[in-house]
Student: 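Just passing along the structure, written as structure tokens.
The chains referred to below are lettered A, B, ... by the order of the sequence lines, with proteins before strands, and numbering in each begins at 1.
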2 protein chains.
Amino acid sequence: MGVTKTENYTEAQVELSKMIKVLGHPARIAILQSIIKANSCICGDLATEIGLAQSTISQHLKELKSVRLIQGTIEGTSMCYCINQENWHKLKNELLVLFNSANIDESACC
Amino acid sequence: MGVTKTENYTEAQVELSKMIKVLGHPARIAILQSIIKANSCICGDLATEIGLAQSTISQHLKELKSVRLIQGTIEGTSMCYCINQENWHKLKNELLVLFNSANIDESACC
DNA sequence: ACTAATAATCGTAATATTGCGATATATAAA
DNA sequence: TTTATATATCGCAATATTACGATTATTAGT
């Protein structure tokens, strides 16, 4: 069908996977790294920097905004984006819970 | 187009996003949590546990295998899956690099 | 008010993903 | 060998994603 059966999962599983999914595209990784590198808001030179059309970058930014990994404010005629620290850390912590829950000791059987 | 322009990105960005992308589905989160919870390989009762068709679960397992987050060995008539500790930690560390690179101090301007 | 610059949205085409049933494959048990 | 059980693969339909150009706001400067 192509539609995810969200009713099969816990709210936490759906929410976490939704956040992760947004991270799962090289353009959005590149955008985030670029924002982080600038250490503050950078604006629409992302398009030329990354090599995608302006509308495409705008769409990726929208997705990053939709899960609140970034936030933007109007800065004159441009937009100023930066990491949403609160949600950034929330996601980081949830990922750590997941990744740390796998036992290190080699009880693995395969 | 629908096709990601991988030539725009670094190898690292492509590889990382590919791994993350596989994590970005609730069924695959549920599968991983289930495997982790059992602390060792569990087999195909994942289908009934999660509530998807056997073929669908098999496909998700294939994707998790394709990025080597899990590995499986034949165990009689069933398959025995567990976390690939090496790649699990590798991904964890790469995620930490990304998440820690965002400065905590509120130099944020928006 | 007019113009320039920037970003968001719309419409569209190409491709990818999700999920299922049916089938094929492989091993264990009888 | 036959049968049962478990998993993988194939083919398909429905939907989602990615990317672009064109258009539409929105704000700054003239």
Student: Quickly work out the B/Ile42 CD1 to D/dT7 C1' distance and round it to whole Å.
Tutor: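 Spelled out: CD1 on B/Ile42 to C1' on D/dT7 is 14 Å.
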Student: Got more than 12 heavy atoms from elsewhere within 6.0 Å of CD, B/Glu86?
Tutor: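 Result for CD/B/Glu86: open.
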Student: By a strict heavy-atom criterion of less than 4.0 Å, which residues belonging to residues 59-68 of chain A are in contact with DNA chain D?
Tutor: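 A/Gln59, A/His60, A/Glu63 - these, ordered by number, are the residues of the stretch whose heavy atoms sit under 4.0 Å from the strand.
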Student: Distance only, no hydrogens: is a donor on one side chain within 3.5 Å (strictly under) of an acceptor on the other, for B/Lys65 and B/Asn84?
Tutor: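 There is no such pair between these side chains.
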Student: Is B/Val97 isolated, or which residues cluster with it under the ILVMFWY side-chain rule of less than 4.5 Å, directly or via members?
Tutor: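 Listed partners: none, B/Val97 stands alone.
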Student: Please enumerate all residues that pass ring pair (Phe, Tyr, Trp, His ring centres under 6.0 Å) together with B/Tyr9, with sequence neighbours excluded.
Tutor: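 In terms of ring pair (Phe, Tyr, Trp, His ring centres under 6.0 Å), with neighbours along the sequence ignored, B/Tyr9 is linked to no residue.
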Student: Of all heavy-atom pairs between A/Arg68 and A/Asn87, which one has the smallest distance, and what is that distance?
Tutor: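 Smallest heavy-atom distance, with atoms named: O-CB, 3.2 Å.
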Student: At under 4.0 Å, does any side-chain N or O of A/His25 touch on OP1 or OP2 of D/dA19?
Tutor: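 Checking D/dA19 against A/His25, a side-chain N or O does come within under 4.0 Å of OP1 or OP2.
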Student: Can you give me the closest heavy-atom contact between A/Ile70 and A/Tyr81, atom names plus distance?
Tutor: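 Shortest heavy-atom contact: CD1-CD2, 3.8 Å.
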Student: Hey, does the side chain of A/Gln33 reach the backbone of A/Ala30 with a donor-acceptor pair shorter than 3.5 angstrom?
Tutor: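 Between the backbone of A/Ala30 and the side chain of A/Gln33 there is no qualifying donor-acceptor contact (under 3.5 Å).
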Student: Protein within reach of the bases, or only the backbone? For nucleotides 21-30 of chain D, mark each nucleotide 5' to 3' as B, S or -, using heavy atoms under 4.0 Å.
Tutor: BB----BS--
Student: Minimum heavy-atom separation for A/Val14 to A/Thr6, with atom names?
Tutor: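 Nearest pair, atom of A/Val14 first, then A/Thr6: CG2-O, 3.9 Å.
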Student: Residues from residues 6-21 of chain B sitting under 4.0 Å of DNA chain C, heavy atoms only?
Tutor: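 B/Lys21, in order of number.
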Student: Under a 3.5 Å threshold, yes or no: a donor from one side chain and an acceptor from the other, between A/Glu49 and A/Ser34?
Tutor: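 Checked: A/Glu49/A/Ser34 side chains pair up, N/O donor to acceptor below 3.5 Å.
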Student: Output the rounded distance in Å from CD1 (B/Ile57) to C1' (C/dG21).
Tutor: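 Value for this atom pair: 15 Å.
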Student: Between D/dT18 atom C1' and A/Ile31 atom CD1, what is the distance in whole Å?
Tutor: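 So the CD1-C1' distance, A/Ile31 to D/dT18, works out to 12 Å.
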Student: Give the minimum heavy-atom separation between A/Leu69 and A/Leu23, together with the two atoms involved.
Tutor: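 A/Leu69 and A/Leu23 have their closest heavy atoms at CD1-CD2, 4.0 Å.
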Student: Taking 4.0 Å as the cut-off, does a side-chain nitrogen or oxygen of B/Tyr81 come that near to OP1 or OP2 on D/dA8?
Tutor: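 Answer yes for this pair, as a side-chain N or O of B/Tyr81 is under 4.0 Å from OP1 or OP2.
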Student: Indicate, with a heavy-atom threshold strictly under 4.0 Å, whether A/Leu52 touches base, sugar-phosphate, or nothing.
Tutor: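 If one applies the 4.0 Å heavy-atom cut-off, A/Leu52 turns out to touch the sugar-phosphate alone, with no base involved.
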Student: With sequence neighbours left out, write down each residue that passes side chain to side chain contact (heavy atoms under 4.5 Å, CB included) with A/Ser17, or none if nothing qualifies.
Tutor: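 Testing A/Ser17 for side chain to side chain contact (heavy atoms under 4.5 Å, CB included), a comparison that skips the adjacent residues, returns B/Pro26, B/Ile29.
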